[in-house]
Enquirer: 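Dropping the structure in here first, questions after.
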Amino acid sequence: EAIMGKESRNKRGQGPDPRSIERRSAPSLLGLVQCAVLVMCITTTGLAADIAPTRFIAPNGMTVLVLEQHFLPIVEIHALIKAGAAQDPPEKAGVANVVASLLDEGTTTRSSRQLAEQIDFVGGSLAVQAGEDYTTASVRTLKKDIDLGFTLLADILQHPAFPKQEFERVRSQILGEITSDNDDPGHVAMKAFNQLVFQNHPYRWPVNGTEETLAKVTLADVQNFYAKEYLPNQVILTVVGDVTVDQATTLIQTYFGSWKKGVVQPRTVKKLATIDKKIVQLIEKDLTQSTIVIGHPGISRTNPDYYAVTVMNHVLGAGGFSSRLMDTIRDKQGLAYGITSHYDARALPGSFWINLQTRTETTNQAISGVLAEMKAIREAPVSDQELADAKAFLMGSFPLRLDSTSKLAHVLAQVEFFGLGFDYFSQYQKWIERVTKEDVQRVAKQYLDPQHYALVVVGNIAKAKVRH
């Protein structure tokens with residue numbers, strides 16, 4: 001997710017969502033050319049600073065963003081529905097994901113197979129994915145097939161059939177994936193970590209739910225969630241590519257004009273409980289390595305310190321081989337192959353965490369090393385070189401987040417969703433550039449806490465002898 005500087009995540013930071021139900025043609029030369037042309041245009045003409053979409057509210061309350069990009073005859077139509085796993089009923093976590101997974105499994109006039117065949121026939125793609133805060137549904141076609149793109153996207157959003165047999169199949173498939181995930185110590189550790197950090201909070205469950213909660217989900221739950229949450233006045237529709245604002249406006253009226261506005265469900269914002277002690281969970285698995293996750297509550301995407309935190313976190317552990325954690329834990333001490341720190345900034349405050357794997361007998365040494373680095377970045381300013389390198393990377397990589405119509409549409413929708421303002425595109429690099437060493441130390445002191453945290457260790461607990 002370009003806005004958050006990270007991939008879209010499925011189970012709270014465990015990588016790209018494998019449950020994205022996606023209709024996609026094979027990678028084409030057209031797609032590669034598109035990326036090359038857009039990267040060239042963005043990096044050579046400063047296009048990132050000139051991204052200024054046309055925004056309007058349709059009569060049915062749908063927010064519409066249109067960005068004309070006439071480099072290539074491609075159009076991306078991207079719908080963001082302001083309903084995700086955070087809106088799941090607590091005892092039925094996973095509903096939003098099942099709804100998303102079923103959208104393109106059949107409508108009232110098209111079967112799942114017909115949807116797949118129609119988009120494949122024109123070499124386009126159709127994808128639906130649920131996240132914590134929202135769900136996205138998008139279609140990409142050539143300009144000449146734009147009517148088909150609007151037809152299919154409008155159909156799956158407005159007329160999903162939710163066939164009983166597809167519901168049973170998809171739910172069984174997700175349950176199987178959850179069972180498989182339970183064999184992965186990284187998934188097990190993150191699931192436990194989120195339960196500790198997000199107690200009694202909507203973010204505590206994986207997007208796809210658990211075996212216990214998903215088993216309770218019925219077809220009626222799916223239909224009710226769709227009826228309450230899938231409303232045009234809950235949708236940000238972004239159109240990017242070789243289309244004019246007038247053309248897009250006409251197409252939106254034609255295909256979405258009859259979608260009736262509804263009553264938006266009130267959102268109860270639960271304050272994230274602070275961690276005022278060390279909370280430790282040790283999970284036994286007969287392994288030769290310990291999987292470690294350590295962290296605590298973090299920040300929301302709209303926090304004014306977001307950019308200073310981004311720079312600080314890059315220096316600490318998000319900057320790959322140039323980060324302090326990698327230098328200390330991997331290169332100097334040889335305790336881990338890889339180690340990364342993350343701030344999961346979402347609509348509500350997310351989490352901060354560091355994850356790594358180390359040999360069972362070096363578990364305590366690795367945890368001590370992580371806590372030492374968290375303390376060090378709080379206690380002394382970062383060096384001029386560290387600051388300059390972090391800024392150079394974050395500013396230099398920014399255009400690469402916008403190097404396709406698909407990425408542009410996704411970022412535009414997020415800018416609208418988080419209310420960041422469209423000067424985001426011209427100001428991002430300036431906001432990063434403005435961060436000082438004093439800012440980095442200030443946010444490290446404010447948003448890192450090496451005294452109060454949640455620690456999860458998965459592995460041979462008897463041999464690891466965890467002291468922390």
Enquirer: With sequence neighbours excluded, give me every salt bridge (charged side-chain N to carboxylate O under 4.0 Å, His left out) pair touching residues 322-334.
Expert: R324-E386, D327-K332
Enquirer: If the condition is side-chain contact (heavy atoms from CB on, under 4.5 Å), which residues does Q385 pass it with, not counting sequence neighbours?
Expert: S383, D389
Enquirer: Would you say the rings of H452 and H296 are close, in the sense that their centroids are separated by under 6.0 Å?
Expert: no
Enquirer: Do K82 and E229 sit within salt-bridge range, that is, some charged N less than 4.0 Å from a carboxylate O?
Expert: no
Enquirer: Does the side chain of I354 come within less than 4.5 Å of T340's, by heavy atoms?
Expert: no
Enquirer: Considering residues, nucleotides and ligands other than N200, do more than 12 of their heavy atoms fall under 6.0 Å from its CG?
Expert: no
Enquirer: Among residues at least two apart in sequence or on other chains, which ones pass side chain to side chain donor-acceptor pair (under 3.5 Å) with T288?
Expert: none
Enquirer: Sequence neighbours excluded, which residues qualify as side-chain contact (heavy atoms from CB on, under 4.5 Å) partners of Q289?
Expert: Q357
Enquirer: Would you call E166 and R169 a salt bridge, using N to O less than 4.0 angstrom?
Expert: yes
Enquirer: Is there a donor-acceptor pair closer than 3.5 Å between any side-chain N or O of D88 and the backbone N or O of G94?
Expert: yes
Enquirer: Going by the angle between their ring planes, with limits at 30° and 60°, are Y424 and W431 parallel, tilted or perpendicular?
Expert: tilted
Enquirer: Flag this pair as yes if the NZ/CZ of R434 is under 6.0 angstrom from the six-membered ring centre of Y307 and inside a 45 degree cone about the axis; otherwise no.
Expert: no
Enquirer: Suppose we screen for side-chain contact (heavy atoms from CB on, under 4.5 Å). Which residues come up paired with A366, at least two apart in sequence or across chains?
Expert: I292, L335, L356, T358
Enquirer: Taking ring pair (Phe, Tyr, Trp, His ring centres under 6.0 Å) as the definition, give me every residue that meets it alongside Y453, ordered by chain and number, with sequence neighbours left out.
Expert: none
Enquirer: Does any N or O in the side chain of R171 come within less than 3.5 Å of the main-chain N or O of V217, such that one atom is a donor and the other an acceptor?
Expert: yes
Enquirer: Residues in side chain to side chain donor-acceptor pair (under 3.5 Å) with N364, at least two apart?
Expert: none
Enquirer: Once side chain to side chain donor-acceptor pair (under 3.5 Å) is applied, do any residues pair with R442, and if so which ones, sequence neighbours excluded?
Expert: D305
Enquirer: Could you list the residues that satisfy side chain to side chain donor-acceptor pair (under 3.5 Å) with T328, not counting sequence neighbours?
Expert: E373
Enquirer: Can you name the ring pair (Phe, Tyr, Trp, His ring centres under 6.0 Å) partners of Y230, sequence neighbours left out?
Expert: Y226
Enquirer: Parallel under 30°, tilted from 30 to 60°, perpendicular over 60°: which one fits the rings of Y134 and F418?
Expert: perpendicular
Enquirer: Could you tell me which residues satisfy ring pair (Phe, Tyr, Trp, His ring centres under 6.0 Å) with F393, sequence neighbours excluded, listed by chain and number?
Expert: H314
Enquirer: Between side-chain atoms of residues 274-281 and protein atoms elsewhere (two or more places apart, or another chain), which donor-acceptor pairs fall under 3.5 Å?
Expert:
none

